[in-house]
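Okay, handing you the structure first.
From a predicted model like this one, the values you see are computed outputs, not experimental measurements. Here is the naming used below: chain letters follow the sequence lines, and residue numbers restart at 1 for every chain.
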Amino acid sequence: MTALVISEHDNSELKGATLNTVSAAQKLDDEIHLLVAGSNCNSVAESAATIEGVSKVLYVDSPEYENFLAENISLLIKNISNDYSSILAPATTNGKNFMPRVAALLDVAQISDISAVESKDTFQRPIYAGNCIATVKSADEVKVITVRTTAFDPVSSESGSAEILKLEEVNDAGISQFIKDELAESDRPELTAADVIISGGRGMQNGENFNLLEGIADKLGAAIGASRAAVDSGFVPNDYQVGQTGKIVAPNLYIAVGISGAIQHLAGMKDSKVIVAINKDEDAPIFQVADYGLVADLFTALPEMESKI
Amino acid sequence: MKILVPIKRVVDYNVKVRPKADESDVDLNNVKMAINPFCEIAVEEAVRLKEAGSADEIIAITVGESVAQEQLRTALALGADKAILIETDQEPQPLGISKALKSIVERENPDLIIMGKQAIDGDNNQTGQMLAALLGYPQATFASELKVSDGKAEVTREVDGGLQTISINLPAIVTSDLRLNEPRYASLPNIMKAKQKPLETISSDELGIDLNPRISTVKVSPPPEREAGIIVESIDQLVDKLKNEAKVIS
Ligand SMILES: Cc1cc2nc3c(=O)[nH]c(=O)nc-3n(C[C@H](O)[C@H](O)[C@H](O)COP(=O)(O)OP(=O)(O)OC[C@H]3O[C@@H](n4cnc5c(N)ncnc54)[C@H](O)[C@@H]3O)c2cc1C
């Protein structure tokens with residue numbers, strides 16, 4: 001049985017989330033094919049070919065896939081889906097956008113955001129903001145799945161040698177148009193791939209005070225995250241948000257500063273290996289999940305921490 | 001313009017849900033239920049479009065048990081004009097819900113369908129996309145801004161790297177993210193008025209839709225417990241612990 005993994009990329013680089021998704025697929029099927037669909041994305045297809053465990057790269061290069069519009073990508077995946085027993089994509093905003101559309105076109109249910117594979121038809125997935133873990137069994141012949149990438153170790157990006165098969169597949173639904181992207185430029189690691197994350201909440205008071213986190217992030221090579229309250233208040237852009245409805249992260253070290261620890265925030269970070277909380281309120285729920293808690297005013301704690309690491 | 005707003009009855013977002021003792025399901029005994037927060041944002045957006053003169057009718061709809069009428073009344077109190085309950089005793093899943101919604105879309109012919117990006121119970125994030133696929137409509141998921149004009153919607157979407165703006169031809173489906181708007185509170189007079197607004201009930205059998213679950217729950221268990229941590233007294237102690245005990249910084 002063969003799995004089809006939909007790769008995540010930006011037409012020039014393959015994203016790490018693909019490697020975690022291949023890892024999940026290996027637990028399901030013996031053979032793995034990888035779809036690289038985009039525009040002028042030859043370099044992505046080439047790096048995809050060296051991913052561990054992938055036997056074939058299906059490479060589709062056409063302008064209508066440039067911005068991964070769900071209407072077009074879902075038609076493409078449906079058209080090539082025939083021989084696969086499972087279709088997997090990472091639970092990124094891209095995967096979440098087009099995969100349910102693929103599932104509906106195939107008339108199958110989707111299993112969202114799986115965190116473990118128990119057998120070919122049985123999976124674990126967090127529900128209720130991660131307060132419960134459901135073990136679910138799918139009765140559909142084809143499994144359409146999105147993968148919680150933090151729950152699966154990535155495969156190697158270098159040890160494979162897959163054949164690249166170029167497909168001519170034109171699927172322009174013609175009902176949606178890309179206008180623009182406003183993507184954050186940053187030299188820091190991506191939140192979902194970072195080893196260390198330092199996040200700020202409403203306690204930071206304003207966007208300028210996030211500079212207090214910058215200094216520490218520079219020293220630790222950390223990514224910077226935020227709570228919803230910090231994003232809603234306009235301190236930082238939306239792509240910083242960690243939580244049930246933001247990004248799911250599981251770094252080696254997560255430092256929560258001025259964050260109370262609402263269920264919805266914990267949902268995005270409580271699988272981190274080590275959690276540090278800095279909060280002036282000793283009763284803040286964040287301390288219940290923290291390995292190391294410091295009850296202190298962040299405005300004195302952060303400068304001191306920066307000077308001592 | 002006519003707007004359809006599908007909504008869901010879910011556990012209130014403040015409730016910390018736990019599995020039943022026998023792990024057969026989640027324990028929802030005596031917990032507070034509410035309209036899913038993302039659905040509330042969807043209703044609000046529709047009401048704002050109507051207030052701005054872009055829409056003239058808003059229909060709220062849900063697929064679920066009879067008690068879900070409470071959440072439809074909430075939507076009516078927030079400003080929807082009428083409501084439809086597709087009644088079923090089964091716990092419907094996204095694909096089945098999408099099929100039921102599709103049959104109503106074909107009857108009502110809305111120009112725009114606005115719904116929440118996910119429900120906070122199952123956290124599936126599927127129904128809007130599935131409905132769009134079944135209808136062959138375009139979709140704009142995770143919307144933080146919506147502008148409608150000339151048979152199109154221009155939508156700003158929250159994506160992993162930042163923001164993306166797309167244009168979709170109507171009829172279309174938009175799913176709301178948290179920052180699309182801040183929903184109003186229903187006023188008491190509006191809550192009273194909502195009781196008089198029309199609420200139609202259709203049984204799912206009447207629609208002849210297959211709502212049988214494709215995914216069954218084997219068990220529901222608690223997440224792995226974290227070991228209790230400690231409170232450190234100072235930054236010095238914290239840095240020492242991180243270096244020498246946890247070994248996560250050098
Ligand atoms: C449907 C839904 C989805 C949601 N999704 C998310 C999500 O994905 N991510 C998310 O984060 N939230 C999410 N939320 C919001 C969540 O419920 C909380 O409102 C939010 O996480 C609170 O952010 P906060 O901890 O920064 O703010 P607050 O709860 O206001 O906490 C601020 C903390 O800062 C501390 N503080 C203040 N000043 C100082 C100081 N000088 N020094 C030290 N500490 C200080 C305070 O003691 C307090 O504990 C969601 C909510 C809903 C309803």
Side-chain angles (χ1 to χ4, degrees), chain A residues 70-71 74 92-93 96-97 100-101 103-105 108-113 122 126-140 175-184 220 228 232 237-239 244-245 252-253 263 270 274 276 289-295 301 304-305 308-309, chain B residues 11 13 16-19 26 93-95 98 118 120-126 129-130 132-134 137-139 141-142 144 154 158-169 177-179 214-223 226 229-232 235-236 238-239 241-242 246 248-249:
Chain A
E71 296 77 10
S74 58
T92 54
T93 47
K96 289 177 190 170
N97 187 36
R101 205 166 167 117
L105 291 175
V108 301
Q110 169 175 298
I111 309 116
S112 291
D113 209 19
T122 306
I127 55 174
Y128 289 90
N131 282 319
C132 297
I133 307 294
T135 304
V136 296
K137 187 172 167 158
S138 161
D140 285 312
I175 46 180
S176 53
Q177 296 86 37
F178 170 80
I179 297 179
K180 65 175 179 195
D181 272 335
E182 294 155 82
L183 303 183
L220 297 177
R228 174 190 173 188
D232 284 5
N238 66 284
D239 54 290
Q244 180 185 21
T245 53
N252 277 326
L253 173 60
I263 303 171
K270 72 175 174 209
V274 174
V276 170
V289 299
D291 299 283
Y292 304 108
L294 178 69
V295 181
E304 186 184 348
M305 183 166 177
K308 290 187 171 156
I309 49 173
Chain B
V11 167
Y13 76 92
K16 188 165 179 198
V17 173
R18 293 176 199 284
V26 289
Q93 295 181 348
L95 185 63
S98 313
Q118 78 191 66
I120 59 165
D121 49 5
D123 282 335
N124 278 309
N125 195 333
Q126 298 177 1
Q129 296 90 314
M130 287 185 159
L134 296 177
Y137 287 3
Q139 68 188 47
T141 51
F142 326 146
S144 62
E154 191 177 305
E158 295 203 355
V159 296
D160 287 337
L163 297 171
Q164 178 183 71
T165 306
I166 61 172
S167 166
I168 50 177
N169 299 358
D177 216 315
L178 291 170
R179 279 167 284 276
R214 306 283 188 87
I215 294 178
S216 51
T217 300
V218 180
K219 71 170 183 183
V220 175
S221 34
R226 285 191 77 91
I230 59 161
I231 293 289
V232 294
I235 287 284
D236 285 319
L238 175 62
V239 172
K241 292 279 184 196
L242 292 178
V248 285
I249 64 173

Spatial distance of atom OH (Tyr128(A)) from atom CG (Asp121(B)) [nearest 0.5 Å]: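 Rounded to the nearest 0.5 Å, the OH-CG separation comes to 4.5 Å.
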Selection from Ser144(B), Pro222(B), Gly122(B) maximising heavy-atom pairs under 4.5 Å formed with chain A: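 Top count of heavy-atom pairs under 4.5 Å with chain A: Gly122(B).
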Between atom CG of Asp113(A) and atom CG of Asn125(B), what is the distance when rounded to the nearest 0.5 Å?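 Reported to 0.5 Å precision, the distance equals 9.0 Å.
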Which heavy atom in Leu95(B) sits nearest to a heavy atom in Ala109(A), and how many Å separate them?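 What the structure gives for the nearest pair is CD2-N, 4.1 Å.
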Looking only at heavy atoms, what is the nearest atom pair of Phe178(A) and Ile166(B), with distance?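 Looking at all heavy atoms of both residues, the shortest contact is CA-CG2, 4.2 Å.
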Given that the side chain runs from C-beta out, which part of Ala184(A) has a heavy atom under 4.5 Å from chain B: side chain, backbone, both or neither?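 Looking at Ala184(A), backbone and side chain both touch chain B.
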Donor-acceptor under 3.5 Å (Gln110(A) side chain, Gln126(B) main chain):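 Not confirmed, Gln110(A) side chain does not pair with Gln126(B) backbone.
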Pick one of side chain, backbone, both or neither for Ser74(A), based on which atoms fall under 4.5 Å of a heavy atom in chain B.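 Contact with chain B is absent: no heavy atom of Ser74(A) under 4.5 Å.
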Among Leu220(A), Asp232(A), Thr245(A), residue most engaged with chain B (heavy-atom pairs, under 4.5 Å):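 Among the listed options, the one with the most contacts to chain B is Thr245(A).
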Under 4.5 Å between any side-chain heavy atoms of Lys96(A) and Thr141(B), yes or no?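 Heavy-atom side-chain distance check fails, nothing below 4.5 Å.
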To the nearest 0.5 Å, how far apart are NZ in Lys16(B) and CG in Asn131(A)?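 Between atom NZ of Lys16(B) and atom CG of Asn131(A) there are 5.5 Å.
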Given the options Val248(B), Ile235(B), Leu242(B), which has more heavy-atom pairs under 4.5 Å with chain A than any of the others?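 Counting heavy-atom pairs under 4.5 Å, the top option is Ile235(B).
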Proximal component of Ile263(A), with respect to chain B [non-hydrogen, under 4.5 Å]: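 Contact with chain B: side chain only.
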Would you give the length of the straight line joining atom CD1 of Ile249(B) to atom CG of Asn252(A), rounded to the nearest 0.5 angstrom?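 Taking CD1 in Ile249(B) and CG in Asn252(A), the distance rounds to 12.0 Å.
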Tell me, for Asp181(A) versus chain B, whether the close heavy atoms (under 4.5 Å) come from the side chain, the backbone, both or neither.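 It is both, since atoms from each part get that close.
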